[in-house]
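Worksheet: one structure, shown below.
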Amino acid sequence: MTLSRGKTALVSISFLAILSLAIFAYQDSDGTLMWMYKNRSLKIAQLKNQTEQWLDIGNWFNSRYEYANKEPKGLSLNSWFDSRARTDIPTLTPWSAPIIWEGTVGKPVLDNYYKQQKVTIGLTVFAIGKYLDKYLKTFLTSANTFFMTGFNVIFYIMVDDLTKVPLIELGPLRVLKVFQVKKESRWQDVSMMRMKVIGDLIESHIRHEVDFLFCMDVDQVFQSDYGVETLDESVAQLHAWFYNTDKTAFTYERRPESAAYIPYGEGDYYYHGAIFGGTPLRVLNLTRQCYKGIQEDKEHNFEALWHDESHLNKYYLLNKPTKVLSPEYCWDYKIGIPSTIRNVKLSWMPKEYEEVRSNF
């Protein structure tokens, strides 16, 4: 779709939005049906201003790349991160990337910096089959409260049934965009195919709209402020069950036949596939490389042990993340609450696999 055609379509959308004050939809050039809605109490003037921002595609594109793939300009690591504040756990990777734990971050410094840059953060989540019914409303409601409070946020929601998307009263600076995707025959295929879908979405929409992007599983709930201390070029999440274990216990894909193969003796950390992020171009590279590995395995009639998570761990072994999040950013209460875990930002919902994966 050319820029002029895109503007024409969006002008039409703005009229529909002003009339409804709540919900509007359009058909994108690739045939994907996309729904967007904001807080139903928005005034017409506010909605008009937001629409004008969407129409200014050229300026959005330029501003997104001004800060892409770069550390915060003018801020040294020690101006906002204190690696010595926590002596009970490692706070730096062997390649000197910060591991973000409660107590290590000077949040006012980062909040002020990113507000000056007027960044926009995207969040993708898939809610397919029974996952849509069981988890999406809780995930969105908690994200609306705790995810990047005070900053521009776009939620990108992938569902197989648009009629089941819950209406959420969004807070200020928040937009929800919903995309209909095909339901796969197996939950494993949904898990793996999300890498392709996210990559396609980054190329068609996200890279023009956000500065940073997170991709998360839907069966989680935000517990406290999940803020800009998590932003960086390439962000990985330590797995709650493996952050304090020897690497020999990591459940990497150990079979050489797989593209995700990591031999014993290699590896840094075990990363959780439930959260990954970074700048759009870095996330695009991650998703494309993981999907390439998944396709290579399929060609050989093979499937990695933990599906896309296995390929994600292989990717991070070869492409070190620039920031690592502690398990406080994705915790499982089944483990209990050890002394190292001081402030849970996001937690796992009960894994009722028999219910949500049956008759998928």
Side-chain angles (χ1 to χ4, degrees), residues 36-39 42 50 64 100-102 105 107-108 110-115 117-127 131-132 135-159 165-179 194 198 201-202 205-206 209-238 240 272-280 282-283 323-333 341-349:
M36 299 183 288
Y37 69 82
K38 296 192 70 179
N39 191 314
L42 280 176
Q50 183 64 67
R64 297 307 157 217
I100 306 301
W101 291 86
E102 180 70 16
V105 174
K107 290 201 65 174
L110 290 178
D111 283 346
N112 181 63
Y113 172 82
Y114 284 115
K115 283 181 179 178
Q117 308 308 327
K118 298 180 180 179
V119 298
T120 298
I121 303 104
L123 173 58
T124 72
V125 67
F126 282 71
Y131 283 84
L132 170 55
Y135 297 117
L136 183 57
K137 185 173 183 179
T138 298
F139 179 88
L140 287 177
T141 301
S142 64
N144 184 46
T145 301
F146 294 115
F147 183 74
M148 304 295 169
T149 305
F151 292 88
N152 295 306
V153 172
I154 302 177
F155 298 114
Y156 299 95
I157 313 302
M158 271 61 74
V159 301
V165 176
L167 286 176
I168 305 294
E169 294 287 346
L170 296 178
L173 308 177
R174 276 138 208 278
V175 175
L176 183 72
K177 299 186 179 184
V178 184
F179 296 81
R194 69 171 178 151
I198 291 171
L201 195 61
I202 290 172
H205 291 81
I206 293 175
E209 299 178 346
V210 306
D211 301 282
F212 298 95
L213 177 67
F214 277 95
C215 307
M216 298 189 182
D217 284 356
V218 71
D219 50 350
Q220 304 180 101
V221 58
F222 289 88
Q223 303 276 310
S224 62
D225 186 45
Y226 195 109
V228 293
E229 75 279 2
T230 62
L231 301 180
D232 215 296
E233 295 178 25
S234 176
V235 183
Q237 171 67 58
L238 292 182
H272 198 168
I275 297 175
F276 57 91
T279 56
R282 291 293 289 268
V283 177
K323 181 174 285 182
V324 175
L325 303 182
S326 76
E328 293 170 314
Y329 288 87
C330 187
W331 186 248
D332 186 356
Y333 282 112
I341 305 300
R342 298 182 181 178
N343 185 355
V344 174
K345 320 289 187 180
L346 180 73
S347 66
W348 303 15
M349 294 286 280

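- Ring-centre distance between Tyr156 and His205: not below the 6.0 Å cut-off.
- Here the closest non-hydrogen pair linking Ala143 and Phe155 is CB-CE2, 3.8 Å.
- Judged as a ring pair (Phe, Tyr, Trp, His ring centres under 6.0 Å), and not counting sequence neighbours, Phe276 has no contacts.
- Residues passing the ring pair (Phe, Tyr, Trp, His ring centres under 6.0 Å) test with Tyr329 are Tyr226, sequence neighbours excluded.
- In terms of heavy atoms, Val218 sits closest to Leu136 at CG2-CA, 3.7 Å.
- Taking the six-membered ring for Trp and the full ring otherwise, the centers of Tyr131 and Tyr135 sit less than 6.0 Å from each other.
- A ring-centre distance under 6.0 Å is found for Trp348 and His272.
- For Ser326, the side-chain hydrogen bond (donor to acceptor under 3.5 Å, both in side chains) partners are Glu328, not counting sequence neighbours.
- Ile341 and Val344 get closest at one heavy-atom pair: CG2-CG2, 3.7 Å.
- Listed by first then second residue, pairs satisfying salt bridge (Lys or Arg N to Asp or Glu O under 4.0 Å) with a partner in residues 220-229 read Lys107-Asp225, Lys107-Glu229, not counting sequence neighbours.
- Within the 4.5 Å cutoff, the side chain of Leu123 has no heavy atoms near those of the Leu213 side chain.
- A 4.5 Å side-chain heavy-atom check between Leu140 and Leu176 finds at least one atom pair inside the cut-off.
- Looking at Glu209, its side chain never comes within 3.5 Å of a backbone N or O of Ile206 through a donor-acceptor pair.
- Of all heavy-atom pairs between Met158 and Thr124, the closest is CE-CB, 3.9 Å.
- Annotation: side-chain hydrogen bond (donor to acceptor under 3.5 Å, both in side chains) contacts of Ser347 (sequence neighbours excluded): Gln223.
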Item to complete: For side chain to side chain contact (heavy atoms under 4.5 Å, CB included), just list the numbers for Met349 and Thr138, CA-CA rounded to whole Å, side-chain angles, deciding distance to a tenth of an Å, and then say yes or no.
Response: CA-CA 10 Å; Met349 294 286 280; Thr138 298; 4.1 Å; yes

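- Taking each heavy atom of Ala127 and Leu132 in turn, the nearest pair found is O-CB, 3.5 Å.
- Every residue two or more places apart in sequence or in another chain was checked for a salt bridge (Lys or Arg N to Asp or Glu O under 4.0 Å) with Lys137, and none qualifies.
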Worksheet item: Does the pair Val324 and Leu238 meet the rule for a side chain to side chain contact (heavy atoms under 4.5 Å, CB included), with working shown?
Response: CA-CA 7 Å; Val324 175; Leu238 292 182; 3.5 Å; yes

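- With sequence neighbours excluded, no residue forms a side-chain hydrogen bond (donor to acceptor under 3.5 Å, both in side chains) with Thr141.
- Take Phe151 and apply the ring pair (Phe, Tyr, Trp, His ring centres under 6.0 Å) test, not counting sequence neighbours, and it matches no residue.
- When all heavy atoms of Leu231 and Met148 are compared, the pair lying nearest together is CD2-CE, 3.8 Å.
- Legend: residues meeting side-chain contact (heavy atoms from CB on, under 4.5 Å) with Ser142, ordered by chain and number and at least two apart, are Val221, Phe222.
- The side-chain hydrogen bond (donor to acceptor under 3.5 Å, both in side chains) check on Asn343 picks up Glu102, Ser224, with sequence neighbours excluded.
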